[in-house]
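Quick notes on the structure that follows.
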Amino acid sequence: MLKVEHIGIAVKSLNNSNKLFASLFGADHYKIEEVVSEHVNTSFFKIGDTKIELLEATDESSAIAKFIEKKGEGIHHIAFEVENIEKEMERLSKEGFVILNETPKIGADNKKVCFLHPKSTNGLLVELCQEL
Ligand SMILES: C[C@@H](C(=O)O)C(=O)SCCNC(=O)CCNC(=O)[C@H](O)C(C)(C)COP(=O)(O)OP(=O)(O)OC[C@H]1O[C@@H](n2cnc3c(N)ncnc32)[C@H](O)[C@@H]1OP(=O)(O)O
Ligand SMILES: [Co+2]
């Protein structure tokens with residue numbers, strides 16, 4: 001894996017949290033993007049070589065809505081950049097990790113992404129991503 005591409009944080013209100021995190025970081029988000037397939041609105045902050053992704057649910061079927069209902073707001077996933085996502089999915093599957101999607105999906109910020117089930121990664125939801 002190449003680096004921590006972003007850390008995803010589940011929030012109730014993107015609008016409120018954009019202000020909160022902008023004052024925390026001393027810098028504004030650089031983009032807002034809806035990912036319809038994931039039922040989320042996202043915003044991104046650049047932090048040095050990595051990013052923070054804020055995620056707000058767009059409806060109750062969203063993974064973010066379920067997460068907030070169970071655990072409240074907070075860190076939802078860590079995304080690792082990989083060179084070749086299909087190869088990495090095959091390697092991790094052979095290692096026994098549970099891959100949540102058979103083929104990569106299109107994520108935010110121009111990426112192919114996939115997720116590993118937190119039950120197979122000590123409770124951490126892992127996202128793999130590769131630049132499109
Ligand atoms: C836009 C994109 C991008 O960056 O490009 C994104 O990030 S999209 C980010 C949003 N999309 C996703 O997260 C897609 C991948 N996620 C999923 O498929 C789902 O959220 C699962 C991770 C499978 C969980 O689904 P769901 O809550 O329906 O299943 P479940 O109720 O059976 O939960 C199974 C267990 O996983 C736990 N669990 C759920 N979400 C978790 C999380 N984020 N981190 C750690 N554990 C988590 C639950 O508490 C439960 O534990 P207990 O059994 O102990 O109670
Ligand atoms: Co993400």
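In each ligand, atom 1 is the first atom listed, and ligand 1 is the first ligand listed.
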Below 4.0 Å from any atom of ligand 1, is there a heavy atom belonging to H39?
-> no
Of K66, E38, K70, H76, the residue with the heavy atom nearest atom 30 (P) of ligand 1 is K70
Would you mind telling me if ligand 1 is within reach of the side chain of H77, the backbone, both or neither, using heavy atoms under 4.0 Å?
-> side chain
Got more than 12 heavy atoms from elsewhere within 6.0 Å of CG, D59?
-> yes
From H76, does some N, O or S atom reach closer than 2.8 Å to the Co ion (ligand 2)?
-> no
Just wondering, do E53 and L55 contact through their side chains at under 4.5 Å, heavy atoms?
-> yes
NZ or CZ of K46 within 45° of Y30 ring axis and under 6.0 Å | no
Looking at E127, which of its N, O or S atoms is the nearest one to the Co ion (ligand 2)?
-> OE1
Looking only at protein heavy atoms, which one is nearest to atom 4 (O) of ligand 1, and how far off is it?
-> E53 OE2, 2.8 Å
Could you tell me whether atom 11 (N) of ligand 1 has a protein heavy atom closer than 4.0 Å?
-> yes
Of all the atoms in ligand 1, which lie at a distance below 4.0 Å from a heavy atom belonging to H6?
-> 4 (O)
Nearest protein heavy atom to atom 19 (C) of ligand 1, by residue and atom, and its distance?
-> A63 CB, 4.4 Å
Check step by step if ring-ring contact (aromatic ring centres under 6.0 Å, His included) holds for F44 and H29.
-> CA-CA 5 Å; F44 283 89; H29 61 276; over 10 Å; no
Look at E81 together with K111 and state whether they make a salt bridge at an N to O cut-off of under 4.0 Å.
-> no
Ligand 1 N/O within reach of T42 N/O, cut-off under 3.5 Å | no
Determine, using heavy atoms of G123 and all atoms of ligand 1, whether some pair is separated by less than 4.0 Å.
-> yes
Which residue owns the protein heavy atom closest to atom 53 (O) of ligand 1, what's the atom, and how far is it?
-> K119 NZ, 3.2 Å
Is atom 39 (C) of ligand 1 less than 4.0 angstrom from some protein heavy atom?
-> no
Given P118, A10, A65, A108, which one has a non-hydrogen atom that is nearest to atom 47 (C) of ligand 1?
-> P118
For ligand 1, indicate whether the residue L55 contacts it via side chain, backbone, both or neither (heavy-atom separation under 4.0 Å).
-> side chain
Which other residues belong to the hydrophobic cluster containing L100, where Ile, Leu, Val, Met, Phe, Trp and Tyr are joined when side-chain heavy atoms lie under 4.5 Å apart, directly or via other members?
-> V113, F115, L125
More than 12 non-hydrogen atoms from neighbouring residues, nucleotides or ligands closer than 6.0 Å to CD1 on I75, yes or no?
-> no
For ligand 1, is there an N or O atom under 3.5 Å from any N or O atom of K105?
-> no
Thinking salt bridges, do K12 and E56 make one under a 4.0 Å N-O criterion?
-> no
E33, CD: over 12 other non-hydrogen atoms inside 6.0 angstrom = yes
Would a 4.0 Å cut-off, counted as strictly less than, catch a protein heavy atom around atom 32 (O) of ligand 1?
-> no
Does some side-chain heavy atom of I99 sit less than 4.5 Å from a side-chain heavy atom of L116?
-> yes
Sub-4.0 Å protein heavy atom next to atom 26 (P) of ligand 1 = no
Give the atom name of whichever N/O/S atom in E53 sits closest to the Co ion (ligand 2).
-> OE1
Is the backbone of H117 close enough, under 3.5 Å, to the side chain of T121 for a donor and an acceptor to pair up by distance?
-> yes
Which option out of L100, N41, T121, V35 puts a heavy atom nearest to atom 18 (O) of ligand 1?
-> L100
Min heavy-atom dist K71 to ligand 1 below 4.0 Å | yes
Return the residue, atom name and 0.1 Å-rounded distance of the protein heavy atom closest to atom 15 (C) of ligand 1.
-> F115 CG, 3.6 Å
Geometric N/O contact H117 with ligand 1, under 3.5 angstrom = no
Protein residue, atom and distance nearest to atom 41 (C) of ligand 1, heavy-atom basis = F67 CD1, 3.8 Å
By number and element, which atoms of ligand 1 are closer than 4.0 Å to a non-hydrogen atom of G107?
-> 5 (O)
Is the closest basic N to carboxylate O distance between E88 and R91 below 4.0 Å?
-> yes
Do other residues, nucleotides or ligands put more than 12 heavy atoms under 6.0 Å from K87 NZ?
-> no
Does H77 bring an N, O or S atom to within less than 2.8 Å of the Co ion (ligand 2)?
-> yes
Would you call K112 and E86 a salt bridge, using N to O less than 4.0 angstrom?
-> yes
Do the non-hydrogen side-chain atoms of M89 and I85 ever get within less than 4.5 Å of each other?
-> yes
